[in-house]
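Notes follow the structure.
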There are 2 protein chains.
Amino acid sequence: MALEPIRNRRIYSQIADQIRDLIASGVYRPGSYLPPERDLATSLGVSRSSVREALIALEVLGLVDVRVGDGVLVRAIPPAEAQGDSLMRRVMRLTRPGPDPELPVALDLDVEIPPFALLQARRLVEPEAAALAARRATSADIAAIEAAFAQNVADNRARSTTHPGDRMFHIRIAQASGNAAFEQFMIVLLGHAYGGMFRRLQSLYTTAEMIANSESQHAAILDSIRAGSEAGARDAMIVHLDMVIDVFLRE
Amino acid sequence: MALEPIRNRRIYSQIADQIRDLIASGVYRPGSYLPPERDLATSLGVSRSSVREALIALEVLGLVDVRVGDGVLVRAIPPAEAQGDSLMRRVMRLTRPGPDPELPVALDLDVEIPPFALLQARRLVEPEAAALAARRATSADIAAIEAAFAQNVADNRARSTTHPGDRMFHIRIAQASGNAAFEQFMIVLLGHAYGGMFRRLQSLYTTAEMIANSESQHAAILDSIRAGSEAGARDAMIVHLDMVIDVFLRE
DNA sequence: CTGGATCAATGGCCGGACCAATGCTAAGCA
DNA sequence: TGCTTAGCATTGGTCCGGCCATTGATCCAG
């Protein structure tokens with residue numbers, strides 16, 4: 001091949017790449033600040049506008065946090081922290097062994113996913129989805145989440161056993177994340193979520209106390225998203241899911 | 001609560017939200033062009049700089065495609081329509097004719113998931129799936145993964161552009177994890193993964209070097225799973241996905 | 001020592017200017 | 001007529017300089 005394809009890439013993209021590399025190589029460490037926009041511009045020999053565009057791209061990607069009047073903070077990489085949870089280890093041990101590996105690859109919405117497997121997957125994805133939602137949710141997104149929450153509360157008052165409001169609440173948060181993969185993921189998983197065993201367990205452990213806890217946790221998640229607090233939304237979602245997992249483990 | 005939290009969000013973010021809503025509501029349809037930056041600026045009463053920043057944010061999110069000298073092309077597919085005839089589409093109604101912000105909840109395999117969004121989701125799930133696979137993969141599971149790996153190598157030799165072996169490799173690992181949620185997740189996401197944009201980027205940046213890297217990384221993952229090393233499999237998968245993400249971010 | 005005022009640094013936003021790429025159109029040619 | 005080509009208007013790309021708003025640190029008064 002030998003020929004390098006010449007891409008007349010836009011300046012902001014090239015700048016973003018350079019900064020990304022510098023972050024990856026440890027020159028700019030998480031928790032520290034990037035040089036001021038003006039300095040970056042002169043150092044790179046570009047205008048401040050282009051630097052700003054690059055920083056916005058990095059901000060959307062979640063690599064930096066732009067703070068007005070302060071500076072541009074290099075963020076810690078979120079996916080790394082999801083490990084090392086003893087509770088998760090317990091869940092993993094409880095899921096059943098794998099199916100026949102020669103089964104044809106097919107999406108089958110009638111497959112019943114065991115509750116622990118389902119919660120294990122949600123535990124990985126939903127905290128990040130909530131954090132993204134806190135950052136990106138539009139007012140329409142927030143209104144949709146609020147409506148789902150309202151229905152969730154109504155469901156609880158009506159002693160619902162299928163909890164459509166709860167499902168909708170989580171799905172709408174995934175939608176508000178702006179990540180289509182998260183959205184599809186949640187739709188698929190919650191489409192599975194009400195198989196026989198799951199429903200049985202659900203009714204078994206839906207005590208008045210758990211309903212109250214769940215409601216207040218939902219409210220906390222919603223508040224954080226409304227306030228635009230990524231860390232708050234992530235933590236609130238973790239607390240919520242861990243409680244649900246705990247309830248099922250208590251059996 | 002009466003007090004509505006003030007999200008003193010930056011202009012570019014508010015603009016991006018508005019455009020996002022307009023795309024979602026079908027005002028700006030996929031395949032059509034947004035109004036010129038200058039028009040958007042005057043319509044919104046903001047500067048062109050802010051509009052440009054918003055467009056870059058949307059571009060990073062994969063919702064639009066900015067074309068020099070031409071215009072800004074809408075790339076997303078609003079969840080509502082897409083009046084295709086996909087065999088596997090299934091619409092779930094989780095709400096009664098509820099309140100106003102009635103967002104459509106539908107599993108739609110025709111929705112094109114932007115590469116970064118897809119990889120972001122995979123980055124959360126696949127390392128854990130690999131670790132689980134390392135713990136409990138049966139000999140049959142490993143044989144299935146090996147077969148997929150062999151096909152992946154053959155695909156590379158044959159200059160495949162759809163990479164069925166690669167997809168199968170990752171799906172087999174998810175199957176070997178024994179977590180049905182992980183399996184369904186990967187099947188759904190990789191079913192999306194080969195839409196137009198993704199394929200275009202894939203072919204554009206599949207250099208000989210990247211193929212070699214990918215192959216050795218796949219081999220490392222397979223080795224760790226074979227050896228029953230959870231941490232090794234998790235780390236190897238992280239290394240692999242981070243490389244892929246890096247390639248796509250560099251676009 | 002504490003609290004408030006001050007101030008420099010930094011990001012946020014603006015408007016205009018000019019350049020470069022694109023696509024359309026009409027003139028020119030075979 | 002039909003095709004090519006040179007303009008030309010449109011649109012995004014980039015830069016500049018300016019001014020405002022927020023933040024955090026510093027200094028001063030009590």
Side-chain angles (χ1 to χ4, degrees), chain A residues 5-19 22-23 28-29 31-75 135-136 227-231, chain B residues 5-19 22-23 28-29 31-75 197 200 204 250-251:
Chain A
I6 304 291
R7 306 195 296 272
N8 197 4
R9 301 174 50 219
R10 289 144 79 193
I11 293 280
Y12 91 81
S13 182
Q14 301 181 41
I15 297 174
D17 278 351
Q18 287 202 42
I19 297 178
L22 289 175
I23 292 176
Y28 298 140
R29 302 191 170 278
S32 67
Y33 287 87
L34 257 45
E37 293 178 353
R38 293 168 174 84
D39 293 357
L40 282 174
T42 58
S43 301
L44 294 166
V46 297
S47 73
R48 191 181 156 211
S49 313
S50 298
V51 172
R52 283 182 53 77
E53 293 181 350
L55 291 179
I56 284 175
L58 293 176
E59 187 179 33
V60 172
L61 291 175
L63 272 62
V64 301
D65 190 10
V66 179
R67 304 188 168 190
V68 184
D70 188 11
V72 180
L73 187 66
V74 179
R75 297 163 56 101
R135 180 194 307 196
R136 297 180 183 161
S229 165
E230 294 181 46
Chain B
I6 299 176
R7 290 167 63 109
N8 195 8
R9 304 175 51 214
R10 290 144 76 191
I11 292 280
Y12 91 81
S13 182
Q14 301 181 42
I15 298 173
D17 283 349
Q18 286 201 42
I19 296 178
L22 289 174
I23 291 176
Y28 298 140
R29 301 193 165 272
S32 67
Y33 287 87
L34 258 45
E37 294 178 353
R38 293 168 176 83
D39 293 357
L40 282 174
T42 57
S43 300
L44 294 166
V46 298
S47 74
R48 192 182 155 212
S49 314
S50 299
V51 172
R52 284 183 52 76
E53 293 180 349
L55 292 178
I56 283 174
L58 293 176
E59 188 179 33
V60 172
L61 290 177
L63 293 177
V64 300
D65 189 9
V66 179
R67 303 188 171 190
V68 184
D70 189 11
V72 180
L73 188 65
V74 178
R75 228 165 29 177
M197 175 174 65
R200 182 173 47 109
L204 207 58
R250 217 172 279 284
E251 174 254 351

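Excluded from the calculations below are hydrogen atoms, water molecules and symmetry mates; all remaining heavy atoms, backbone and side chain alike, are included. All values reported here derive from a predicted model rather than from experimental measurement.
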How far apart are the C-alpha atoms of A:Arg10 and B:Ile56, what are their side-chain angles, what is the distance that settles it, and do they pass the side-chain contact (heavy atoms from CB on, under 4.5 Å) test? CA-CA 11 Å; A:Arg10 289 144 79 193; B:Ile56 283 174; 4.0 Å; yes

Runs of at least three consecutive pairs that involve DNA chain D, where pairs are Watson-Crick or G-U with distances under 3.5 Å: C:1-30 with D:1-30

State which residues pass side chain to side chain donor-acceptor pair (under 3.5 Å) with B:Ser47; sequence neighbours excluded, sorted by chain then number. B:Ser50

Residue closer to the 5' end of DNA chain D, A:Gly69 versus A:Ile11 (nearest nucleotide): A:Ile11

Could you work out, with side chain to side chain contact (heavy atoms under 4.5 Å, CB included) as the rule, every residue matching [X], not counting sequence neighbours?
| X | result |
| --- | --- |
| B:Ser13 | B:Arg9, B:Asp17 |
| A:Pro36 | A:Asp39 |
| A:Leu40 | A:Ile19, A:Tyr28, A:Pro35, A:Val51 |
| A:Thr42 | none |

[N] [atom2] sits how many Å from [X] [atom1], rounded?
| X | N | atom1 | atom2 | result |
| --- | --- | --- | --- | --- |
| B:Arg67 | C:dC24 | CZ | P | 12 Å |
| B:Ile56 | D:dG12 | CD1 | P | 12 Å |
| A:Asp65 | C:dT10 | CG | P | 17 Å |
| A:Arg10 | C:dA21 | CZ | C1' | 13 Å |
| A:Tyr33 | D:dT22 | OH | P | 18 Å |
| B:Ile15 | C:dC13 | CD1 | C1' | 10 Å |

Got a sec? Which of residues 37-46 of chain A come in under 4.0 Å of DNA chain C, heavy atoms? A:Glu37, A:Arg38

Positions of residues 47-54 of chain A (non-hydrogen atom under 4.0 Å from DNA chain D), listed by number: A:Ser47, A:Arg48, A:Ser49, A:Ser50

Measure all distances between protein nitrogen or oxygen atoms and nitrogen or oxygen atoms of nucleotides 3-6 of chain C, and list the pairs falling under 3.5 Å.
none

For the CD1 atom of B:Ile15 and the OG atom of B:Ser43, what is their distance to the nearest 0.5 Å? 11.0 Å

Might you work through the side-chain contact (heavy atoms from CB on, under 4.5 Å) test for A:Arg52 and B:Tyr12, ending with a clear yes or no? CA-CA 11 Å; A:Arg52 283 182 53 77; B:Tyr12 91 81; 6.0 Å; no

Backbone N or O of A:Val74 within a donor-acceptor pair of the A:Arg29 side chain at under 3.5 Å? no

Listed by chain and number, what are the salt bridge (Lys or Arg N to Asp or Glu O under 4.0 Å) partners of [X], not counting sequence neighbours?
| X | value |
| --- | --- |
| A:Arg67 | A:Asp65 |
| A:Arg48 | A:Glu37 |
| A:Glu230 | A:Arg75, A:Arg135 |

Scanning both residues in full, the closest heavy-atom pair of B:Ala57 with A:Val60 reads CB-CG2, 3.7 Å

Looking at the side chain of B:Asp70, which of D:dT14, C:dG23, D:dT11 is the nearest nucleotide? C:dG23

